[in-house]
Enquirer: 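Sharing a structure here in structure tokens format.
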Amino acid sequence: MSSPRIRPRPLAPIPSSIKAKWSIVIVAAVAVTALMSQIGLHLGWPVWLRPIVAGALALLAVQFLAHGLTYPLRQMADAAKAMARGDYSRRVESSNGDEVGQLAEAFNQMSAELAESDRLQKEFISNASHELRTPVAALQSTLENLVDGLARADRQTLELMLAQSEHLGRLVNQLLDLSRLEAGSDHPATNQIDLGDLLNELAVEQRMTHPLAVIEVKAPMGLRVLGDDLRLRQVFTNIVGNALRFSPHGSPVTIVASRHDGSIRVAIRDLGPGIPVEERAKVFERFWQADGSALTGGGGAGLGLAISRRIIDQHLGDIQITDNQPSGACVIVHLPSSSVD
Ligand code: ADP
């Protein structure tokens, strides 16, 4: 394919405003007209011919000088049309030092951000479909076996199907949560919450579902935060659930809440393998799981901490991972305190 013919853009490199450049074009057009009129007079051209030649040459001069001025605008129009078709790869050449050049730069930045968000969205859809496919395929094959008479609808098969459909339901809820949080359409309640009560209740619930779990809670009275009870419960349930999942059987998971520089600090510690330093930022990414962590069983699709971080952000807090001593992970959550100390 032949490359497009590049016409010179004489005013493009001049780092002045578009107003100054158009002034140059107008002055040049007037100068060409005056010069050609004088030449015509000098050469004895008829009166009717002089303005025609002068006007034609002035027009040519305007065409030549103004070419580069609107070039980025035309490119932007083409790129915008391509974007509407889903092609975010087009960029506008922005050598102009004027307002059009600045607009072209802003346009390029916007299309780069749109391209990145399009990439993330596609990645999200592909990861989500992959995660949904596994339990759906498992349910389908169990149902097919039942229909074909290869399996009996006994208690064990039904329990297996129930577990698969529960997993599917959890996954769908997490995907909905995440998309609401990312779209900013999730409006958390703002109630006074006693964090000590919330953590103690959560420990009771976890002990009921994990009868062998050892969960210790240390939280002084009156640690209050302003926020959404259900959402914060979801965050701490996920963190404590992970801690229990990764801890060796019978080893304690400790939850310690305290006041810390005007905020409340909650540290959840376990004696599991811990999270390597280079993976600590990644665990908050969507769908991220350490190699082999699925083998620990009971885990989700790597969405729990991604959701938790967004909920904590909504509450103007902060969540981090550090080491536990002598071993294991320590997840630290800071939330603004709403109690008067
Ligand atoms: P999942 O629901 O798959 O556990 P999370 O977002 O809650 O997803 O956690 C992401 C990953 O972070 C886990 O798969 C695991 O690899 C790692 N992780 C989280 N908590 C711990 C922990 N307490 N100890 C070790 N690894 C952890």
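Just follow the structure's listing: the first ligand is 1, and inside any ligand the first atom is 1. Remember, it's a predicted structure, so these values are computed and weren't measured experimentally.
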Enquirer: Using heavy atoms and a threshold below 4.0 Å, how should the contact between L303 and ligand 1 be classified: side chain, backbone, both, or neither?
Expert: backbone
Enquirer: Is G274 in contact with ligand 1, taking contact as a heavy-atom separation below 4.0 Å?
Expert: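 For ligand 1, residue contact (heavy atoms, under 4.0 Å) with G274 is present.
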Enquirer: If we check side chain to side chain contact (heavy atoms under 4.5 Å, CB included) with I215, which of these qualifies: L199, L244, N200?
Expert: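 Passing option: L244.
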Enquirer: Judged by atom type as modelled, is there a donor-acceptor pair below 3.5 Å linking the side chain of S338 to the main-chain atoms of R224?
Expert: yes
Enquirer: Using heavy atoms and a threshold below 4.0 Å, how should the contact between D270 and ligand 1 be classified: side chain, backbone, both, or neither?
Expert: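 Side chain only; the backbone of D270 stays clear of ligand 1.
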Enquirer: Measure from atom 20 (N) of ligand 1 to every heavy atom in N242, V240, N238 and give the option owning the shortest one.
Expert: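 The option holding the nearest heavy atom is N242.
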Enquirer: Considering only NZ, NE, NH1 and NH2 on the basic side and carboxylate oxygens on the acidic side, decide whether E201 and R233 come within less than 4.0 Å.
Expert: yes
Enquirer: Checking Q325 against D323: is there a side-chain donor and acceptor pair closer than 3.5 Å?
Expert: no
Enquirer: Give yes if a backbone or side-chain nitrogen or oxygen of P273 is under 3.5 Å from a nitrogen or oxygen of ligand 1, and no if not.
Expert: no
Enquirer: Looking only at distances, can you tell me whether any N or O atom of L305, backbone or side chain, sits closer than 3.5 Å to an N or O atom of ligand 1?
Expert: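 Yes; at least one N/O pair falls below 3.5 Å.
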Enquirer: Can you check whether A329 has an N/O within less than 3.5 Å of an N/O in ligand 1?
Expert: no
Enquirer: Apply side-chain hydrogen bond (donor to acceptor under 3.5 Å, both in side chains) to the pair R245 and N242, showing each step before the final yes or no.
Expert: CA-CA 5 Å; R245 181 152 63 101; N242 282 343; 3.0 Å; yes
Enquirer: Relative to atom 1 (P) of ligand 1, which among R286, Q174, R245 owns the nearest non-hydrogen atom?
Expert: R245
Enquirer: Would you tell me whether T157 and D154 have side-chain atoms, one donor and one acceptor, within less than 3.5 Å of each other?
Expert: yes
Enquirer: Within the structure, is a non-hydrogen atom of E279 found at a distance of less than 4.0 Å from ligand 1?
Expert: no
Enquirer: Could you check R310, R231, R180 and say which one makes a side chain to side chain donor-acceptor pair (under 3.5 Å) with D186?
Expert: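 By the side chain to side chain donor-acceptor pair (under 3.5 Å) criterion, D186 pairs with just one of R310, R231, R180: R231.
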Enquirer: Is ligand 1 less than 4.0 angstrom away from at least one heavy atom of G272?
Expert: no
Enquirer: Check whether any N or O atom of W288, backbone or side chain, sits under 3.5 Å from an N or O atom of ligand 1, and answer yes or no.
Expert: no
Enquirer: Could you tell me whether a side-chain N or O of D228 sits under 3.5 Å from a main-chain N or O of A189, the two making a donor and an acceptor?
Expert: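 Side chain of D228 to backbone of A189, a donor-acceptor pair under 3.5 Å: yes, one is there.
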